[in-house]
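What follows is one structure encoded as structure tokens, with my remarks underneath.
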Amino acid sequence: MTISHAKRRAPAGRIAYVDGRYLPHPHAAVHIEDRGLQFADSVYEVFAVTGGALLDEDAHLKRLARSLGELGIAQPLPPAALSFVMREVVRRNRLRDGLIYVQVTRGSYARDHVVPKDARGTVIVTARRLDPAAIEARRSSGVKVKTEPDIRWGRCDIKATALLPNVLAKTEARRAGAYEAWLVDRDGKVTEGTSTNAWIVDSRGRVVTRVLSNNILAGVTRSTLMRAAAAAGLTIEERSFTVEDARQAREAFVTSATGGVIPVVEIDGIRIGDGVPGSTTLRMHALYRDLAQKEARISLGFASQSG
Ligand code: PLP
């Protein structure tokens, strides 16, 4: 079977993994009764690949295990086996810079809201090339953000594929000429972006991001950046901030696996600081990148060669 929409610009030779098999991307498919499709009964992870190496691999695998555990989805592949599959997908796609997408669904069963007993999950692993120059261009120019009400469920700490509110908010943002939407809770506080964590540098130069709870995803980039900042002797304040705080901020930025640290220069049409990427933000990116790449090299066993 060929999935016609998946043909869209699939680079020649692109290979996906589905449930034990490596398949040409246009032929990779799950069953129509897969619970991931029927109920969004599934979780996912996105791993950045830089120079052929997976960044923050252990932390993403750990979060995947946690998401599965919180939903009671049995882990179909042990982390070491999944890690092998991901590397194999990187290799078969000759991926240097891009991302590895992993999705685990609760599997394919006759449609029933009740979770089947002893369900056997489906694992999907795909690779996608990203243009590092395009990401760097975004970093140099900074991006615009639009705020949208946060209408998501109460377990945003689980990286579930039930992303409809995120999809709608990001689409609204893009239609308005912004790159990302920042989601705002009922108290007027920013929770996070639709696919990023949200940060500001306040008028006193303090770097602030929302504290972890069920209301946001514990971003791996967020956590690596916090470790990198701590190692550099910088303090990050974990606290909520309002949209008004963000508009008054000196700098703002977002973090995610695929972009690292991306400066925000405008929120709802209001310029942040000088309207250009700020020095603290760019320093945060350098700290994040250096630590993530160093750890990726160590996990590849290249530490002694490349320092
Ligand atoms: N918040 C949400 C809602 C996300 O979907 C993501 C990433 O997809 C993030 C934050 C950033 O998380 P990470 O740094 O692990 O990519």
Side-chain angles (χ1 to χ4, degrees), residues 46 48 50 55-56 97-99 130-148 150 166-167 169-184 189-210 216-217 219-226 228-229 232 234 236-293:
V46 177
T50 304
L55 294 192
D56 288 325
D97 297 298
L99 60 88
L130 291 178
D131 178 10
I135 297 171
E136 286 317 316
R138 210 169 285 139
R139 196 164 356 266
S140 331
S141 61
V143 298
K144 298 176 183 174
V145 155
K146 181 177 189 304
T147 56
E148 288 287 325
D150 193 341
N166 309 50
V167 164
K170 176 103 87 184
T171 304
E172 278 301 314
R174 291 292 167 93
R175 284 189 183 140
Y179 172 74
E180 175 62 303
W182 273 9
L183 305 173
V184 182
K189 308 262 172 69
V190 174
T191 50
E192 61 184 332
T194 62
S195 60
T196 55
N197 286 112
W199 304 66
I200 57 170
V201 182
D202 74 8
S203 55
R204 292 166 63 183
R206 295 172 300 200
V207 180
V208 181
T209 195
R210 191 172 172 123
I216 66 167
L217 186 73
V220 167
T221 315
R222 174 189 185 280
S223 129
T224 302
L225 173 57
M226 289 181 91
L234 303 170
I236 306 255
E237 281 192 26
E238 291 183 88
R239 62 173 162 87
S240 298
F241 56 87
T242 63
V243 175
E244 194 45 38
D245 293 334
R247 289 178 181 157
Q248 304 283 330
R250 216 186 256 182
E251 299 178 29
F253 61 93
V254 292
T255 55
S256 70
T258 43
V261 175
I262 300 284
V264 171
V265 294
E266 205 180 288
I267 300 174
D268 293 336
I270 293 170
R271 208 172 67 175
I272 304 305
D274 301 331
V276 292
S279 56
T280 304
T281 300
L282 296 175
R283 176 149 189 238
M284 290 290 144
H285 177 67
L287 289 170
Y288 165 73
R289 181 202 53 207
D290 291 351
L291 182 59
Q293 291 190 350

Nearest non-hydrogen partners of [X] and [Y], listed with the distance:
X: V201; Y: A249; answer: O-CB, 3.5 Å
X: E148; Y: A181; answer: CG-CB, 4.0 Å
X: R250; Y: D202; answer: CB-O, 3.7 Å
X: F253; Y: P263; answer: CB-CA, 4.0 Å

Can you tell me how far apart [atom1] ([X]) and [atom2] ([Y]) are? Round to the nearest 0.5 Å.
X: I200; Y: D245; atom1: CD1; atom2: CG; result: 5.5 Å
X: E244; Y: I267; atom1: CD; atom2: CD1; result: 10.0 Å
X: T281; Y: W199; atom1: OG1; atom2: CH2; result: 10.5 Å
X: L225; Y: I236; atom1: CG; atom2: CD1; result: 5.0 Å
X: E192; Y: N197; atom1: CD; atom2: CG; result: 5.5 Å
X: L183; Y: T147; atom1: CG; atom2: OG1; result: 9.5 Å

Mind running side chain to side chain contact (heavy atoms under 4.5 Å, CB included) on V264 and Y179 for me, showing each step along the way? CA-CA 9 Å; V264 171; Y179 172 74; over 6 Å; no
Does the distance from a Lys or Arg side-chain N to an Asp or Glu carboxylate O, for [X] and [Y], drop under 4.0 Å?
X: K146; Y: D268; answer: no
X: R271; Y: E266; answer: no
X: K189; Y: D150; answer: no
X: R222; Y: E238; answer: yes

Can you tell me if K170 has over 12 outside heavy atoms packed within less than 6.0 Å of its NZ?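 Yes - once you tally the heavy atoms of other residues, nucleotides and ligands closer than 6.0 Å, there are more than 12.
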Is the CG atom of D274 crowded by more than 12 outside heavy atoms at less than 6.0 Å?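 Open.
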Is a donor from one side chain sitting under 3.5 angstrom from an acceptor on the other, for T50 and Q293?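 No, because no side-chain N or O of T50 sits under 3.5 Å from a partner of the opposite role on Q293.
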Side-chain donor/acceptor of R210 to backbone N/O of V190, under 3.5 Å: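 Yes, because the side chain of R210 sits within donor-acceptor range (under 3.5 Å) of the backbone of V190.
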Is there side-chain contact between [X] and [Y], with at least one heavy-atom pair below 4.5 Å?
X: V265; Y: P277; value: yes
X: V143; Y: E180; value: no
X: Y288; Y: T255; value: no

